Participant: 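The structure follows.
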Amino acid sequence: MEQSPLLILGSTGSVGEQAIDVARKTGAPVLALSANRNAKRVEEQAREFGVKACAMADEAAAADLRVRLADTGIRVYAGMEGICQMIAEQNGENAIVLNSIIGEAGLKPTIAALQAGKRLALANKESLVCAGEIVMKLASEKGIEILPVDSEHSAIFQCLRAGGKKEIKRILLTASGGPFYGYTKEQLAKVTVEDALAHPTWKMGAKITVDSATLMNKGFEVIEAVHLFGVAPEQIKVLVHRESIMHSAVEYTDHSTIAQLSVPDMRLCVQYALTHPQRTPAVIPELDLTQIGALTFAEPDTDTFPLLRIAIGAIRAGGAVPAVLNAANEVAVAAFLQKKINLPKLFRVVENVVAGLEAEAKRESTLEGIFGFDAYARIRAGEEIAK
Ligand code: MG
């Protein structure tokens with residue numbers, strides 16, 4: 001099949017590097033790259049794929065990259081504005097923007113990609129968590145189908161090919177449960193940063209690994225699924241599935257449940273987003289179910305891990321409440337990674353910031369308003385951490 005040229009955003013992060021590997025293995029052309037600060041790695045990637053352009057969010061890193069690439073004709077853009085400008089200016093037939101930027105910083109590039117009319121493979125879940133209604137409305141106005149790269153949403157996207165939207169009864173969203181599955185609140189209070197970063201099955205960056213350990217990531221994924229698939233929060237059932245083999249399922253109105261299974265490897269999610277609706281030869285190992293033996297499923301413990309419950313409350317409240325939740329969590333996770341707070345404190349910071357801003361934030365639906373609440377929630381989270 002004809003391969004679409006890629007613009008890989010966040011190319012030095014965990015998903016970005018896996019996207020680079022998929023491009024290498026499938027021979028997909030890479031048109032452009034963006035990253036935050038790591039100019040050395042971007043230079044290597046740019047030379048390997050012979051890209052047309054690169055963008056660095058950090059201005060000093062952009063200046064460094066310009067020097068590194070001075071012998072090439074590669075254009076280097078700088079800053080968030082530069083990333084968005086690169087998305088608008090770098091064109092190729094059927095080009096796909098793969099957004100694997102981490103955090104709220106991924107939202108503006110998502111909007112830039114949709115405004116430029118480019119197909120969007122989305123690994124940045126914050127785009128949908130913070131501004132899901134705005135992003136989905138813009139995609140529908142532009143006639144663009146968003147291709148999910150998150151493993152659960154890729155699974156649901158694949159399962160949805162088995163039935164119509166009106167035939168969906170509910171979505172079974174699986175969660176690994178993280179490294180602290182089965183812990184009591186007392187045990188959770190004692191876990192260290194090192195404990196949290198030891199994820200049982202998925203290889204990911206530090207921020208999302210902590211979010212997986214707290215089930216915040218699953219809460220974000222519920223919000224993501226509500227927007228992507230147009231279902232009510234009540235139609236999503238979170239299931240703890242320790243083996244990470246079934247990546248989610250869709251139960252239809254006739255009670256037939258269609259699931260997607262594979263070894264846990266993000267490269268399949270990237271590949272499917274790039275080749276949908278077709279399938280191409282594998283870049284990941286095959287699944288041997290006889291080696292797995294058994295698949296288990298359990299209810300999540302939202303008493304010990306309250307962030308999943310808070311996230312479901314946030315999407316029910318709507319407006320800018322999910323953006324407040326995300327901002328408070330980003331600040332609290334950074335404080336946890338710096339060993340300033342423990343996990344119970346992280347939960348309290350997020351819960352208090354959301355509870356304090358919910359009444360105002362739920363009435364806000366503009367992008368400017370969302371950015372305003374994002375900034376305000378970060379300040380509030382800082383105050384809660386200092387308490
Ligand atoms: Mg996921």
Side-chain angles (χ1 to χ4, degrees), residues 10 13-19 22 98-104 106 110 120-130 132 135 146-160 171-181 196-229 231 233 236-250 259-273 276 284 295 297 300 305 307-308 311-312 315 322 325-326 329-330 333:
S14 174
V15 175
E17 286 286 5
Q18 296 181 71
V22 171
L98 194 151
N99 183 354
S100 56
I101 292 173
I102 295 162
E104 187 264 346
T110 283
L120 179 65
L122 192 60
N124 172 263
K125 61 187 69 183
E126 291 81 359
S127 292
L128 291 170
V129 170
C130 299
V135 167
I146 295 177
L147 307 155
V149 176
D150 205 345
S151 63
E152 295 78 1
H153 304 78
S154 174
I156 295 161
F157 189 59
Q158 294 177 58
C159 296
L160 285 174
I171 286 173
L172 305 177
L173 185 71
T174 51
S176 75
F180 311 130
Y181 176 68
L197 294 184
H199 193 278
T201 41
W202 292 98
K203 189 163 77 56
M204 304 177 293
K207 195 301 180 157
I208 189 170
T209 304
V210 174
D211 287 343
S212 295
T214 62
L215 296 194
M216 180 78 272
N217 182 57
K218 210 48 56 181
F220 288 154
E221 290 181 353
V222 169
I223 299 173
E224 219 184 336
V226 164
H227 291 301
L228 270 175
F229 307 118
V231 295
I236 300 174
K237 167 82 187 150
V238 174
L239 279 181
V240 175
H241 166 54
R242 298 293 285 158
E243 297 81 13
S244 296
I245 295 299
M246 183 179 117
H247 303 302
S248 281
V250 176
Q260 187 265 334
L261 288 75
S262 71
V263 297
D265 191 321
M266 286 300 296
R267 292 174 301 173
L268 173 60
C269 312
V270 172
Q271 181 188 19
Y272 188 73
H276 166 81
I284 67 165
L295 300 179
F297 302 93
F305 298 89
L307 295 182
L308 174 58
I312 293 168
I315 183 65
L325 169 73
N326 174 68
N329 181 64
E330 278 191 27
V333 170

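Atoms within a ligand are numbered from 1 in the order they appear, just like the ligands themselves. Just so you know, these numbers come straight off a predicted model, no measurement behind them.
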Participant: Where does the angle between the aromatic ring planes of His276 and Phe157 fall among parallel (under 30°), tilted (30 to 60°) and perpendicular (over 60°)?
Facilitator: tilted
Participant: Check Glu152 and report its N/O/S atom nearest to the Mg ion (ligand 1), by atom name.
Facilitator: OE1
Participant: Suppose we only allow N, O or S atoms; which atom of Glu221 ends up nearest to the Mg ion (ligand 1)?
Facilitator: OE2
Participant: With the Mg ion (ligand 1) as the point of reference, which N/O/S atom of Asp150 is the closest?
Facilitator: OD1
Participant: Using the rule side-chain hydrogen bond (donor to acceptor under 3.5 Å, both in side chains), only one of Asn326, Asp150, Asp211 pairs with Lys125; which is it?
Facilitator: Asp150
Participant: Evaluate the side-chain proximity of Ile156 to Val250: yes if any heavy-atom separation is below 4.5 Å, no if none is.
Facilitator: yes
Participant: Strictly by modelled atom types, are His247 and Ser154 linked by a side-chain donor-acceptor pair under 3.5 Å?
Facilitator: no
